[in-house]
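Quick note: numbers below take in every heavy atom, side chains included, and nothing from hydrogens, waters or symmetry partners. The chains referred to below are lettered A, B, ... by the order of the sequence lines, with proteins before strands, and numbering in each begins at 1.
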Amino acid sequence: MFDYGLVPDNFTFPFVLKACAALSAIEHGREIHEHVVQTGWEKDVFVGAALIDMYAKCGCVGSAREVFDKILVRDAVLWNSMLAAYSQNGHPDACLSLCSEMVLTGLRPTEATLVTAISASADNAALPQGRELHGLSWRQEFESHDKVKTALVDMYAKCGSVRVARNLFERLGVKRVVSWNAMITGYAMHGHATEALDLFEEMNRVAKPDHITFVGVLSACSHGGLLEEGWMFFETMIRDYKIDPTVQHYTCMVDLLGHSGRLDEAYNLIMQMKVVPDSGVWGALLNSCKIHGNVELGEIALERLIELEPDDAGNYVILSNIYAQAGKWEGVAKLRKLMTDRRLKKSIACSWIEVKNKVHAFLSGDTSHPLSDEIYAELERVGGLMKEAGYSPSTGSVFHDVEDDEKANMVCSHSERLAIAFGLISTPPGTRLLITKNLRICEDCHVAIKFISKITEREITIRDVNRYHHFKDGVCSCGDYW
DNA sequence: CTAGGGTTAG
């Protein structure tokens, strides 16, 4: 175009920027951005939205925001692009606060605004926020839109209300593949394997499952420990549905084999698969090694994980736990040194609970809550009842568990226990407690919470980093492997 | 005289 002496205009840029976005070609994108500035189109909302989207798809949220801030007369699509930029780059909270800012300017949200914001609140596992957006959808008369409703199905499932999700799902006008996928995946993460598989059968009569559907189905099998069924679905997917397995499918299979204790088979599967193994696959293997106490494969998995994500402290901690369980203290010491040398800090454990539409957050050993004294008193009271019922804090491996190993003899002040105690004293008897946590639940807390659920006759639901645990009457829905 | 562009759920 330049060779012909032509100057691009406001219609040219969006096309070119879309191409940059599709290729994640950031250098080209920045070059085009310069042309935009030179030709004076930087205040155009169409060009601006395309620029924001390009930067977002290249992972440069900061640059996207600069573009957004320079445009003072904004339309809804410009806002939506910026919301999506945050959402796609793992900043759901920024997405949500920008959404309220948008609403405050008086601009009417569009379908895309709601879909983006609702999915951000799903990522945040923030039920109050999600509910608020549900209300906003009603008021703006978008609740009947199937896209918005599917986003709500996903949000309610991810925020712990599977039944509400199912209800909305049934009220969808047209169930599209994404809608089925949202519901199946929702059941899977709650460990409701039967419901997920029943829904898959039902889906087959009316829609064609895609590769995401199978991620849901396979993860349902793995969370439910259904080894045979998992293999059957994996094979049918390839043979009958002609879907090539992706890393995500392999991750489910590794998890499935690993959970059943078939670690060598899991390792062999990774070695022979035709796609490049990512941190998810090796992470699944490492986690299975932790469950079954396999030091040798755990070491291999960590080696690969260090190559892929050297700064993720969680991986080192898991292998360290495996060493500790096996009594290999020199291994524990070696990893601890490795972590200090690399200046790696474990992420701080945090749990939060919603009570009366308000979120209360707790850190491990936290004493900052206004009701702190009452919370610790309740922990002590319940702790006494637990001892009578036969609970004794596990020793040994707990000293080096996922969080707070310095104060391991005080495991009873782990963040989830504080959140539970707060829930117990601030809700009527029998109310279900819903807690979200940023890390895995430690072994000891898992045992303890089973006791608490029985003693207090409460249903306790905890969302872990990767799945839900439903504690009821002394049993957890994860069947004790997670 | 006309056309053509940006955002969204699993």
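In terms of modelled atom types and a separation under 3.5 Å, the side chain of Asn294(A) and the main chain of Leu263(A) share no donor-acceptor contact. In this structure a side-chain-to-backbone donor-acceptor pair under 3.5 Å is present from Asp464(A) to Ile441(A).
The Arg176(A) side chain lies nearest to dA9(B) when the options are dT8(B), dA9(B), dG5(B). Comparing atom distances between the Ala112(A) side chain and each of dT8(B), dG5(B), dG6(B) picks out dT8(B) as nearest. The Asp44(A) side chain lies nearest to dG5(B) when the options are dG10(B), dG5(B), dG4(B).
A salt bridge does not link Lys149(A) to Glu170(A): none of the charged side-chain nitrogens sits closer than 4.0 Å to a carboxylate oxygen. Of the charged side-chain nitrogens involved, none lies within less than 4.0 Å of a carboxylate oxygen, so that Asp53(A) and Lys18(A) do not count as a salt-bridged pair.
Contacts of Gln88(A) with the nucleic acid, taken as non-hydrogen atoms under 4.0 Å apart, involve only primed sugar atoms and P, OP1 or OP2. Among the protein residues, Val45(A) comes within range of the nucleic acid bases, having at least one heavy atom under 4.0 Å from a base atom. Nucleic acid contact class of Lys18(A) (heavy atoms, under 4.0 Å, all strands): sugar-phosphate only. Residue Leu78(A) is in base contact, counting any heavy-atom pair closer than 4.0 Å across all strands shown. Among the heavy atoms of the strands lying under 4.0 Å from Thr116(A) are primed sugar atoms or P, OP1, OP2 only; no base atom is included. If you check every strand for non-hydrogen atoms under 4.0 Å, Phe11(A) touches a base.
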Using Watson-Crick and G-U wobble pairs with both distances under 3.5 Å, what is the 5'-to-3' dot-bracket string of DNA chain B, with [ ] for crossing pairs and | for pairs outside the strand?
..........
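Atom NZ in Lys158(A) sits roughly 7 Å away from atom C1' in dG10(B) (whole-Å rounding). Counting to the nearest Å, the C1' atom of dG6(B) and the CZ atom of Arg74(A) are 16 Å from each other. Computed from coordinates, the Ile71(A) CD1 to dG5(B) C1' distance equals 14 Å when rounded to whole Å.
Among Trp282(A), Tyr267(A), Phe214(A), Phe234(A), the single residue meeting the ring-ring contact (aromatic ring centres under 6.0 Å, His included) criterion with Tyr250(A) is Phe234(A).
Applying the ring pair (Phe, Tyr, Trp, His ring centres under 6.0 Å) definition to pairs two or more places apart or across chains, those involving residues 63-111 of chain A are Phe68(A)-Trp79(A).
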List the steps and the verdict of side-chain hydrogen bond (donor to acceptor under 3.5 Å, both in side chains) for Ser121(A) and Asn124(A).
CA-CA 5 Å; Ser121(A) 70; Asn124(A) 249 353; over 6 Å; no
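Scanning atom types as modelled, no donor and acceptor separated by under 3.5 angstrom connect the side chain of Asn80(A) and the base of dG6(B).
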